[in-house]
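Here is how names work: the chains are called A, B, and so on, in the same order as the sequence lines, proteins then strands, and each is numbered from 1.
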Amino acid sequence: MSKYLLLSVFYDNKTGKAALKLYSLEKENIVILEDTTGHKPYLLTDFSPQDLIEKYPEVIKHKGFDHLEIIEKYDLLRDKKVLMTKVIAKDPLSIGGVRGAIRDILRGHVWEAKIKYHHCYTYDTGLIPGMIYELDNRGLKPIKVELPKDVIEKLSEIYSEDLFNEILKWVRLFQAPIPRIRRIAVDIEVYSPEPDRVPNPLEAAHPIIAISLYSSDGLREVFLLKRNSIGEKPDHVNNVRLKYFDSETEMIKETLKILDEYPVVLTFNGDHFDFPYLKNRAIKLGIETEKIPVEWSSNMEEARLRRGVHIDLFKFFNNRSMQIYAFSNKYNEGKTLDEISLALLGEGKMEHEKTIPEMDYRELAMYTYKDAELTYKLTAFDDDLVMKLIVLLMRISKLSMDDLTRHNISAWIKSLMYYEHRRNNYLIPNPEDILRFKGHTVTKAIIKGKKYLGAIVIDPLPGIFFKVFVVDFASLYPSVIKRWNLSYETVRCPHEECKDNLVPGTPHWVCRKRKGLSSKIVGFLRDLRVYVYKPLAKKEKNEILKHQYNVVQSALKVFINASYGVFGAETFPLYCPPVAECTTALGRYSIAKTLEKAYEVNIPVLYGDTDSLFLWNAREKDINTLTKWVSENLNIDLEIDKIYKWVAFSGRKKNYMGVFENGDVGVKGLVGKKRNTPEFIKKLLYDVIEILKSAGSMDELESAIGKVKAITQESYSLLKKGKFTLDELAFRVVLTKPLEAYVKTTPQHVKAARQLAKLGKQIGVGDVISFVKIKGGDGVKAIQLARIDEVDQEKYVEHIRTTLEQVFDALGISFDEIMGIRLIESFINQ
DNA sequence: ACCTGTGGCGAAACAC
DNA sequence: GTGTTTCGCCAC
């Protein structure tokens with residue numbers, strides 16, 4: 001019997017039917033299976049069928065209704081059963097018309113109409129994207145998945161019977177094998193007379209001169225278009241076959257033919273460049289549309305393949321959740337293939353000085369080949385980690401591969417939540433109904449423009465402290481959502497008898513009668529990560545299983561981390577301000593109660609932020625008393641997270657450094673660490689830290705401070721003598737908006753960017769602008785335009801000051817004192 | 001067109 | 001001059 005991985009559920013434009021893209025594990029190709037269930041998309045309305053048929057027959061006739069059914073749904077907002085009319089459409093395209101007719105002409109209330117076709121299909125058929133199925137003449141059936149005994153035991157300890165059976169469904173998703181997927185990466189190069197401009201894919205005016213292909217099954221090829229007088233034509237470059245074409249048409253045809261044979265095609269920015277360019281160029285060259293297996297969607301956002309699945313890694317890695325995952329919290333980095341590859345693979349694009357049109361065949365081939373290679377390797381490193389992650393994320397979110405890789409976390413969680421609603425026969429609420437029932441927030445945010453009050457940050461005690469234990473709540477907000485039963489239907493529920501179950505610090509109450517849906521799901525995912533997959537990943541000896549467990553726990557982390565934020569995001573369809581507000585309120589309550597208790601057992605608390613407390617010189621016995629009290633009274637896990645040999649607090653919040661027992665250094669929030677700080681200041685700070693980190697006692701710190709003074713003075717004198725290069729002096733700031741969008745103020749990096757734009761340089765969102773501070777004029781100059789002698793040294797001294805003061809304030813050193821000595825010295829020297 | 005949240009720091013620009 | 005706002009980056 002053949003096994004298949006479900007990659008995608010889609011709507012076939014020609015047949016008007018649903019179809020499935022299945023990846024055959026044996027043949028490693030794609031099988032497209034037409035829907036045989038007769039499934040049709042539908043929407044729900046509270047209009048009765050009689051009203052629809054009798055009063056408005058002409059609307060029914062003309063708007064694509066197929067037939068009507070009465071069904072029972074459960075309305076979570078009102079906590080009662082409701083009868084709905086299920087309006088079944090003739091085909092997916094008519095859903096919009098049906099919805100408009102009911103809402104606008106009949107003034108009826110519509111539910112579940114904006115859903116995508118494959119969402120309801122996935123639920124109705126029980127098929128989950130990313131899962132493996134066997135195909136026989138009766139259709140698809142899920143493979144049997146072995147569940148490890150120890151996992152089952154662990155879960156049966158934690159969960160009562162009904163919840164236990166439910167969580168096992170999740171375990172099946174995570175235990176099912178994750179197959180390798182045969183795939184190919186492609187990259188094209190276009191001959192463009194303007195090397196600074198990206199060629200416009202809509203016009204596709206210039207010829208494609210090179211195409212590189214790199215596949216998981218060993219295909220390594222570069223196609224090159226013959227051009228006049230650009231020198232010799234090597235057969236190979238580093239074992240890569242080069243193939244020369246007289247005709248661009250033939251080259252494109254052959255490329256399309258190869259791509260069509262692969263189940264998954266990888267690009268970097270293929271949605272917006274490679275595929276639309278290929279398609280439009282092909283059309284321009286007279287290739288028939290049927291022979292071009294690329295469908296560029298009407299919103300001009302997605303390039304999908306007729307047969308396989310196209311993954312645009314640019315989009316996938318620009319997803320904030322993936323950035324946090326890949327770059328561990330530095331979500332402003334990694335926009336380009338070069339940056340992402342450097343971070344994940346440790347190798348970047350081929351460096352080149354010549355422009356594409358200037359390159360000879362060899363250089364061009366090597367350049368484009370490297371891009372395809374990196375694109376492929378982004379999915380292949382660490383034993384296909386990213387491909388496996390994608391498959392697991394599909395299983396959790398119930399999204400097709402092409403949807404998952406193109407959408408952000410709110411769409412993933414939306415899909416997951418909708419699936420759970422359907423599975424339980426709950427009515428999916430309309431956003432305006434949630435807001436109408438639940439109202440808005442009542443607390444006031446500290447930051448202007450924010451919607452509600454967030455976390456507590458304890459004012460740190462300035463100074464150096466030895467032996468500091470950091471305790472924290474492991475994933476505080478998800479734990480709060482789980483323990484306090486937070487969900488859109490349970491917060492401010494309709495029951496009078498729950499109204500005294502108040503959330504501290506708010507007038508909101510929480511339901512005692514029903515288990516909240518999001519509370520349940522977030523709780524499952526959290527428990528599976530904390531109690532099952534993190535421990536399994538740690539102890540498993542079998543490398544293959546260990547890898548899978550690690551992928552599972554990281555996939556879970558992505559969802560858990562975002563589970564609170566989406567409820568406070570207006571764009572999330574289950575947006576519920578009181579849920580978000582209750583989550584942070586209970587977070588504040590948890591840390592405040594723990595703080596109180598710490599004082600009660602005489603543990604000095606130095607600092608704390610959101611979910612952590614820094615405890616000074618505490619006996620482990622006392623810390624155990626504290627964690628035990630928290631677990632018994634708050635019902636949340638408090639753990640020892642870090643142990644510092646010493647920590648230095650400057651007195652500012654979110655701003656400290658410390659040395660761990662093993663000698664590692666942790667630096668948080670210091671300006672000298674920030675990406676935009678000039679290199680020479682960063683280096684100075686890291687030198688200072690390097691000196692301090694070896695100190696194990698107060699005495700050693702005293703002598704370290706002497707060295708710190710010396711290198712500070714040295715850096716100062718290098719600055720004064722103009723020894724630093726422009727590069728070392730440059731501030732590097734990201735442009736977060738288009739240049740013309742800066743209307744309220746003109747920040748310095750925008751000034752520098754406008755200087756460059758004036759000279760004709762293309763400047764766009766996401767570009768890093770490098771500039772130096774100068775005397776006179778705008779006060780800044782883009783690095784490309786500046787001279788070393790115009791640098792405003794005084795400004796840089798101020799930057800050294802603020803950077804080092806954040807450390808000096810903790811050490812009790814005065815910056816002026818150091819500089820004072822320096823100034824007198826230079827005075828004497830003169 | 002894009003979209004998970006709030007709190008905090010520092011520099012410069014802006015408002016008075 | 002002083003206080004406030006905007007912006008980018010970071011902590012959690």
Side-chain angles (χ1 to χ4, degrees), chain A residues 272 299-301 315 318-321 323-324 328-333 406-414 441 443-460 470 472-473 475-478 558-575 577 579-581 583-585 587-588 591 607-612 641 650-656 666-677 731-738 741-751 765 768-769 773 778-780 795 798-799 801-803 805-806:
Chain A
H272 283 118
N299 63 8
M300 299 201 278
E301 280 299 313
K315 240 178 212 164
N318 264 310
N319 184 319
R320 193 182 147 191
S321 294
Q323 297 239 317
I324 291 171
S328 37
N329 266 324
K330 297 177 180 166
Y331 55 84
N332 261 324
E333 284 178 40
R406 283 173 177 77
H407 290 123
N408 290 305
I409 189 73
S410 65
W412 299 359
I413 296 181
K414 165 185 151 186
T441 53
T443 57
K444 202 172 159 346
I446 290 172
I447 301 176
K448 215 185 117 197
K450 301 289 186 186
K451 288 166 288 197
Y452 55 91
L453 192 55
I456 294 175
V457 186
I458 299 168
D459 228 342
V470 183
D472 78 346
F473 298 103
S475 42
L476 174 64
Y477 289 157
V558 172
F559 277 84
I560 294 164
N561 279 349
S563 61
Y564 139 73
V566 291
F567 287 103
E570 290 102 327
T571 47
F572 184 59
L574 301 176
Y575 172 54
V579 168
E581 192 174 32
T583 310
T584 57
R588 292 193 298 276
I591 197 163
Y607 175 61
D609 184 348
T610 313
D611 58 359
S612 68
D641 182 38
S650 65
R652 298 159 186 82
K653 292 172 175 180
K654 298 181 189 282
N655 194 289
Y656 61 90
V667 180
K668 298 289 183 184
L670 305 191
V671 293
K673 181 193 169 180
K674 296 194 176 181
R675 209 183 46 74
N676 54 349
T677 303
F731 292 83
R732 294 167 215 280
V733 180
V734 171
L735 208 62
T736 60
K737 301 186 279 192
Y742 291 87
V743 284
K744 284 179 179 156
T745 59
T746 311
Q748 295 193 317
H749 67 294
V750 176
K751 284 181 178 156
V765 175
V768 177
I769 311 296
K773 303 202 176 183
D778 282 344
V780 291
K795 281 272 192 296
E798 283 314 301
H799 279 276
R801 173 200 291 276
T802 41
T803 304
E805 270 181 347
Q806 295 188 345

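- Residue contacts shown for A:Y607 are absent, as no nucleic acid heavy atom lies under 4.0 Å away.
- Rounded to whole Å, the distance from CD on A:E570 to P on B:dC2 is 18 Å.
- The CD1 atom of A:I591 sits 6.5 Å away from the CG atom of A:D611 when rounded to the nearest 0.5 Å.
- The interatomic distance linking A:R320 (CZ) with C:dC10 (C1') rounds to 11 Å, in whole Å.
- You'll find that the side chain of A:K448 is closest to C:dT6, out of C:dG8, C:dT6, B:dG5.
- Across all strands shown, A:Y742 has heavy atoms under 4.0 Å from sugar-phosphate atoms exclusively, and none from any base.
- With axes fitted over five pairs at each extremity, the angle between the ends of the helix from B:dG5-C:dC12 to B:dC16-C:dG1 is 20° (10° resolution).
- No donor-acceptor pair under 3.5 Å is formed between the side chain of A:T610 and the backbone N or O of A:A455.
- For the pair A:K451 NZ and B:dG5 C1', the computed distance is 8 Å after rounding to whole Å.
- The separation between A:L670 atom CG and C:dG8 atom P is 22 Å, rounded to whole Å.
- A salt bridge links A:E798 with A:R801: at least one charged nitrogen is closer than 4.0 Å to a carboxylate oxygen.
- In this structure, the CD atom of A:E301 is 8 Å from the P atom of B:dA1, given to the nearest Å.
- Residue A:R675 has a polar side-chain atom (N or O) positioned under 4.0 Å from OP1 or OP2 of C:dC9.
- Rounded to an integer number of Å, the gap from A:E581 CD to B:dG5 P is 15 Å.
- Following rounding to the nearest Å, A:Q323 (CD) and B:dC2 (P) show an atom-to-atom distance of 16 Å.
- Under the side chain to side chain donor-acceptor pair (under 3.5 Å) criterion, A:E581 pairs with A:T443, A:H508, not counting sequence neighbours.
- Between A:H749 and A:Y742, the ring-plane angle classifies as perpendicular under the 30° and 60° cut-offs.
- In this structure, A:S410 reaches the sugar-phosphate backbone alone: every heavy-atom distance under 4.0 Å involves primed, P, OP1 or OP2 atoms, never a base.
- A distance-only check finds a donor-acceptor pair linking the side chain of A:T803 to the backbone of A:H799 [under 3.5 Å].
- Regarding A:K737, its NZ atom lies at a distance of 6 Å from the P atom of C:dG8, rounded to whole Å.
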Distances under 3.5 Å only, N/O to N/O: pair up the protein atoms with those of nucleotides 7-13 of chain B.
from: B:dG7; atom 1: OP1; to: A:I446; atom 2: N; distance (Å): 3.4
from: B:dG7; atom 1: OP1; to: A:G454; atom 2: N; distance (Å): 2.9
from: B:dG7; atom 1: OP2; to: A:I446; atom 2: N; distance (Å): 3.3
from: B:dG7; atom 1: OP2; to: A:I447; atom 2: N; distance (Å): 3.2
from: B:dG8; atom 1: OP1; to: A:K653; atom 2: NZ; distance (Å): 2.9
from: B:dC9; atom 1: OP1; to: A:K653; atom 2: N; distance (Å): 3.2
from: B:dG10; atom 1: OP1; to: A:R652; atom 2: NE; distance (Å): 2.4
from: B:dG10; atom 1: OP1; to: A:Q806; atom 2: NE2; distance (Å): 3.1
from: B:dA11; atom 1: OP1; to: A:T802; atom 2: OG1; distance (Å): 2.8
from: B:dA11; atom 1: O3'; to: A:K773; atom 2: NZ; distance (Å): 3.2
from: B:dA12; atom 1: OP1; to: A:K773; atom 2: NZ; distance (Å): 2.3
from: B:dA13; atom 1: OP1; to: A:K751; atom 2: NZ; distance (Å): 2.4

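- A salt bridge does not link A:R406 with A:E301: none of the charged nitrogens is closer than 4.0 Å to a carboxylate oxygen.
- Looking at A:H407 and A:K414, their side chains never bring a donor and an acceptor atom within 3.5 Å of each other.
- Atom NZ of A:K737 is surrounded by more than 12 heavy atoms from other residues, nucleotides or ligands within 6.0 Å.
- Applying the 4.0 Å criterion to OP1 and OP2 of C:dC7, one finds that A:H749 has every side-chain N and O outside that range.
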